[in-house]
Trainee: 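Take a look at this one; I'll ask things after.
Values below: all heavy atoms of this structure, side chains included; hydrogens, waters and symmetry mates excluded.
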Amino acid sequence: MVNTISILGSTGSIGTQALDVAKKLNLNICALTAHSNIDILEQQVREFKPSLAVVFCEDKAKEFKIKIADTNTKVMCGMEGLIAAATANEADMVLNSVVGMVGLVPTLNAINAKKDIALANKETLVAGGSLVMDAVKRNKVNMYPVDSEHSAIFQCLQGMNEKKELKKLILTASGGPFFGKTTQELENVTVSDALNHPNWSMGAKITVDSASMMNKGLEVIEASWLFDMPQNKIDVVVHRESIIHSMIEFVDNSVIAQLGLPDMRIPIQYAITYPNRFESPVKELDFTELGSMTFYKPDYDTFKCLVACKEAIDLGGTAPAIVNGANEVANKLFRDGKIKFLEIGDIVYNALHNVKRNEIKCVDDVLFADKSARQYVNDIV
Ligand code: NDP
Ligand code: MG
């Protein structure tokens, strides 16, 4: 069982819930990281007393160093700091919950330092899936999914006899706040409409990704790497209640599902305690209170991001890094009020077909594809 953990992105939605779980499990915390939210990080440092705290933003790191001068915690900044947190000697496990592609290099460093990984940062697998999975095999470490759908599939797979008996994965999607809306109805939706997720409370970027269905596209790519499945064997079904977190289907058409209330503390805890289970603060699922569950086909015509992600898997190489990079910029431009909601899908789709794709031989190929996609979006907007 994990004793000491390093948490990248500890001030975010997943990071704070991970600390909640870690506290209940009585784990030591050796490193915590934030981008710039030094007030929350200060509270965390005082409570969990890590030996290292990282503030990505250099100016904020200087300010932070003064704030916590009375503690024994060392302060670092930038990518150097994230890598130090990802490779901290004391850590048995690194939980990566930073948002975005910035998580890729720290994840690779953690794996090469033989750390087990609990991965929330899906962009890492989307952009650099082949590199990450090769590094996991080479270093003989374990990577446990935190994303609820992937945790569900991982849980369902526990009883599997042989891989050839697995027919397909079925990812559930809540459909987000815009499920059932037509293109015309989505023409003028606002940022606050997009941030109003029906079932989950999450960081801003992933909430907008859920509204555009990019999140589900990223998750199809993530699942294809984690479970070594082609995209045509990964179905997406809209399930409005977010009670079934995902399913697997065997060749005999028997389906296994994982259910629970929508609360990330279950998948976070399972990633840390696997294969053991412990009590959690999450409420029990009451089926009679739930009453019914509904299922629908996704609307691939309106939500173009999902199509772009599926095409990116088939195109291979840097294609997933391109859709991810383009989306990171488009998502931010939308949140900043600079583009309309529907433009996100057009931008991601066009980036996939206009930015030059390459094979991935090393991490620089991924970083270059990401940079080219960002440049492409900034040029066209
Ligand atoms: P948040 O935005 O709530 O938190 C992100 C964390 O990363 C914060 O600690 C933030 O620091 C830090 N961060 C942001 N940008 C950078 C950067 N450039 N460099 C270093 N650190 C940075 O995100 P979430 O917790 O919602 O999501 C985290 C990851 O988990 C994402 O990849 C998301 O897709 C995935 N995920 C999230 C789920 C959820 O329920 N929230 C569910 C499934 C997956 P600061 O606070 O200082 O800005
Ligand atoms: Mg998810």
Side-chain angles (χ1 to χ4, degrees), residues 12-13 35-36 57 98-104 121-123 126-127 173-198 200-222 236 238 298-312 315 318-357 366-381:
S13 162
H35 175 265
S36 47
C57 165
V98 300
V99 60
M101 161 68 196
V102 69
L104 174 64
N121 177 236
K122 63 189 81 182
E123 296 88 350
V126 170
S174 71
F178 301 146
F179 171 72
K181 298 244 185 294
T182 61
T183 307
Q184 207 179 3
E185 286 166 332
L186 292 175
E187 196 59 55
N188 292 312
V189 291
T190 65
V191 177
S192 72
D193 294 333
L195 288 176
N196 188 19
H197 197 281
W200 297 94
S201 158
M202 310 179 284
K205 192 251 175 190
I206 184 177
T207 307
V208 168
D209 282 347
S210 298
S212 67
M213 295 289 280
M214 182 69 190
N215 184 49
K216 210 47 56 181
L218 297 174
E219 290 181 353
V220 173
I221 303 176
E222 185 186 7
V236 173
V238 175
D299 175 354
Y300 290 101
D301 297 326
T302 309
F303 297 95
K304 293 184 187 148
C305 292
L306 190 47
V307 180
C309 289
K310 284 182 162 235
E311 286 183 20
L315 290 168
T318 55
I322 291 169
V323 289
N324 180 68
N327 177 63
E328 286 198 29
V329 181
N331 177 309
K332 182 75 168 68
L333 287 169
F334 170 67
R335 279 184 283 140
D336 290 346
K338 301 209 170 95
I339 60 169
K340 287 186 163 190
F341 176 74
L342 287 172
E343 286 179 85
I344 300 174
D346 293 333
I347 288 173
V348 170
Y349 195 82
N350 291 333
L352 175 65
H353 293 286
N354 288 293
V355 177
K356 191 169 177 296
R357 294 185 299 274
V366 179
L367 300 177
F368 181 76
D370 176 68
K371 196 171 154 201
S372 308
R374 287 167 194 267
Q375 187 65 51
Y376 170 82
V377 179
N378 284 320
D379 287 349
I380 59 166
V381 171

Trainee: Ignoring hydrogens and angles, tell me if any N or O in the side chain of N121 forms a donor-acceptor pair with the backbone of G100 under 3.5 Å.
Mentor: yes
Trainee: Contact between M214 and I344 at the side-chain level, heavy atoms closer than 4.5 Å - yes or no?
Mentor: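 Side-chain contact under 4.5 Å: no.
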Trainee: For S201, check side-chain contact (heavy atoms from CB on, under 4.5 Å) against everything at least two apart and list the hits.
Mentor: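 S201 satisfies side-chain contact (heavy atoms from CB on, under 4.5 Å) with no residue once adjacent residues are dropped.
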Trainee: With sequence neighbours excluded, tell me which residues meet side chain to side chain donor-acceptor pair (under 3.5 Å) with N188.
Mentor: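 In terms of side chain to side chain donor-acceptor pair (under 3.5 Å), with neighbours along the sequence ignored, N188 is linked to K340.
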Trainee: Rounded to the nearest 0.5 Å, what separation is found between the OG atom of S174 and the CE atom of M213?
Mentor: 8.0 Å
Trainee: Within the side chain of N378, is there an N or O that forms a donor-acceptor pair under 3.5 Å with the backbone of R374?
Mentor: yes
Trainee: With a 4.5 Å limit on heavy-atom distance, are the side chains of V99 and E123 in contact?
Mentor: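 Yes, their side chains come closer than 4.5 Å.
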Trainee: Using 0.5 Å steps for rounding, measure from the CG atom of L218 to the CD1 atom of I206.
Mentor: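 Going from the CG atom of L218 to the CD1 atom of I206 covers 8.5 Å.
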Trainee: Give a yes or no on whether the backbone of T190 and the side-chain of D193 come within a donor-acceptor separation of less than 3.5 Å.
Mentor: yes
Trainee: Report the residues that fulfil side-chain contact (heavy atoms from CB on, under 4.5 Å) with A351, sequence neighbours left out, ordered by chain and then residue number.
Mentor: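 With neighbours one apart ignored, the set is I322, A326, V355, Y376.
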Trainee: If you count every heavy atom of other residues, nucleotides or ligands that lies below 6.0 Å from F368 atom CZ, does the total exceed 12?
Mentor: no
Trainee: Taking only residues two or more places apart in sequence or in another chain, which ones pass salt bridge (Lys or Arg N to Asp or Glu O under 4.0 Å) with E219?
Mentor: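 Expected list: K122, K216.
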Trainee: With no hydrogens and no angle check, is any side-chain donor or acceptor of N354 less than 3.5 Å from a backbone partner on N350?
Mentor: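 Checking the backbone N and O of N350 against the side chain of N354, a donor-acceptor pair under 3.5 Å is found.
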Trainee: Hey, is the main chain of A308 close enough, under 3.5 Å, to the side chain of E311 for a donor-acceptor pair?
Mentor: no
Trainee: Taking only residues two or more places apart in sequence, or in another chain, which ones meet E187 in a side chain to side chain donor-acceptor pair (under 3.5 Å)?
Mentor: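 Partners of E187 by the side chain to side chain donor-acceptor pair (under 3.5 Å) criterion come out as none, since no residue qualifies.
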Trainee: Can you tell me how far apart CG (L352) and CG (N324) are? Round to the nearest 0.5 Å.
Mentor: 12.0 Å
Trainee: Report the residues that fulfil salt bridge (Lys or Arg N to Asp or Glu O under 4.0 Å) with R357, sequence neighbours left out, ordered by chain and then residue number.
Mentor: none
Trainee: Rounded to the nearest 0.5 Å, how far apart are CG of N331 and OG1 of T207?
Mentor: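 Going from the CG atom of N331 to the OG1 atom of T207 covers 9.0 Å.
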